[in-house]
Asker: 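Here it is: the structure, laid out below.
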Amino acid sequence: MKSKSFLTALLILVVMFAFAASVNAGGKVYKMGMSLAITGPTSDAGNPYAKGTEDYFKFANETKILGDDTIDCTIRDDQYKTDVTKRNFEEYLDDGIVMYLNYSTGSTLGLKRDFEEEEIAVLPASYHAGNLDDSNYIFLPIASYSDQLVILAEYVAKNHKGGKAKVALFVHPSAFGRGPVSDVEKAVAAGLNIDLVEVVEHGKDLDNTAMLKRLMSKNVQYVICQTIQSPVATMIKDAQRLKITASSFGEAGKITFMGAHYTGGNDLIALAGTATENYFWITAFNITSVPGEGTTKQLALAKLYGRDQKAADSHNYAAGIMVAQVATEAIRRAKAAGLKVNKANLYKMLNEMNGANAYSPYTTTGPVTYSKTDRAGVDMLQIYSVQSGVFKAVGAPLESEYMKKIK
């Protein structure tokens, strides 16, 4: 009932402001660009992500968050191809963009020098810690994949019963997948009490039987994943078929599966069904299976712009909304400070987003904080697990202990 009343009020608000905008449409237009995989590899994440960004910018314009000024964000499909991403970025620069929204790890790393030369703030969909190395202009929306995997490993170390836990990593065969591995290894070397038995780079195999049997023969009880949802879905369905999936965390003689942001969420349940039961997953986003004000607003936004339930429930839709929220807030703050909305001043606004000036979008489990020495946004990460077919929060949000030791 509360959700319905919120949506009704939202619709009335949008209609009112849309009418007002048609009467007085003399504001400035701020251009942005986004390039991402709407189709092709990883599009199961990129497609809802693009929808979230598009919808929030539309909402911001229609409800006049920036007064009479508006944001014009061009969103293009690059099919996960870095050369296409680079071409899109260059064309956006020619259009006069004031901020850029990128996607993949490969293209973010590949364009890092371009971002420095252009002195333009960039919010990527990639949470690879290496994006920040020798970079001043890349701002991760949330804590890195490294933070995510190390927190999961810390959770294993603290909650495993019976000796040192044997752990394997299941990673994407790319910089996106490989990036966090060395940080997990560094955490172990620094004293994190797990036995890292094997790192598996998955291929396009449709059957993981041999790999799973090998891990079982090595007494591996935990597999932590850093990839996308589809290979995880294939693996956990194979594990279910082999009857080796733990029915409770750390069940002896079975495997507990866990994963970082792009491995889980409601999208994974849609792909793997009952095989997801007891899957542990970490992210910094609120999810719609855990009711709250933020998810009510997310669902209302999706309904307002005609998105189907699959998109509405996706944490990647939330992630797309979130980067649009941060970008819009940076512009709002520049305007409020009497500054010209340009690349330099939006960069300044992001770097000042900390302390009492931290920004709390409704999409995340904690505030966004940036500075010149900290360009990872939401530090607090939430672990969820699938219980009776839905993701439920496990404890309170966490921040990694060992990442502070190894950075």
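Predicted, not measured: the structure shown is a model, and the values here were computed from it. The figures here come from the full heavy-atom set of this structure, side chains too, leaving out hydrogens, waters and symmetry mates. Sequence positions, counted from 1, serve as the residue numbers for this chain.
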Asker: What pair of heavy atoms forms the shortest contact from S289 to F391, and how long is it?
Answerer: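 S289 and F391 have their closest heavy atoms at OG-O, 2.8 Å.
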
Asker: Once rounded to the nearest 0.5 Å, what's the spacing between atom OG of S385 and atom CD of Q387?
Answerer: 4.0 Å

Asker: Using 30° and 60° as the class boundaries, would you call the ring planes of Y100 and F115 parallel, tilted or perpendicular?
Answerer: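 Taking F115 first and then Y100, their aromatic rings sit tilted (interplane angle of 30° to 60°).
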
Asker: For a quick test of reading the model, state the closest non-hydrogen atom pair linking C225 to M235 and the distance between them.
Answerer: SG-CE, 3.5 Å

Asker: Let me confirm one number: the CG-CE distance from D374 to M353, rounded to the nearest 0.5 Å.
Answerer: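 Between atom CG of D374 and atom CE of M353 there are 13.0 Å.
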
Asker: For E116, enumerate each residue passing the salt bridge (charged side-chain N to carboxylate O under 4.0 Å, His left out) test, keeping only those at least two apart in sequence or located in another chain.
Answerer: none

Asker: Assess whether a salt bridge exists between D95 and K31, defined as any Lys/Arg side-chain N lying under 4.0 Å from an Asp/Glu carboxylate O.
Answerer: no

Asker: Between the main-chain N or O of F176 and the side-chain N or O of Q226, is there a donor-acceptor pair closer than 3.5 Å?
Answerer: yes

Asker: Do the numbers put K86 on top of the ring of F89, so that NZ or CZ is under 6.0 Å from the six-membered ring centre and no more than 45° off the axis?
Answerer: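 No; the conditions do not both hold, so K86 does not lie above the ring face of F89.
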
Asker: Do Y222 and H160 have a side chain donor and acceptor closer than 3.5 Å?
Answerer: yes

Asker: What residue among Y262, Y103, F139 forms ring pair (Phe, Tyr, Trp, His ring centres under 6.0 Å) with Y127?
Answerer: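 When ring pair (Phe, Tyr, Trp, His ring centres under 6.0 Å) is applied between Y127 and each of Y262, Y103, F139, only Y262 qualifies.
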
Asker: If the plane angle is over 60° it's perpendicular, under 30° parallel, otherwise tilted; pick one for W281 and H261.
Answerer: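 Tilted.
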
Asker: Examine the side chains of S144 and D147 and answer whether a donor and an acceptor come within less than 3.5 Å of each other.
Answerer: yes

Asker: Rounded to the nearest 0.5 Å, how far apart are CD of E401 and NZ of K158?
Answerer: 3.5 Å

Asker: I need the minimum non-hydrogen distance between S146 and P180, along with the two atoms involved.
Answerer: OG-CA, 3.5 Å

Asker: Looking only at side chains, do Y359 and T369 share a donor and an acceptor under 3.5 Å apart?
Answerer: no

Asker: Establish, from distance only, whether the side-chain atoms of T363 and Q298 form a donor-acceptor pair under 3.5 Å.
Answerer: no

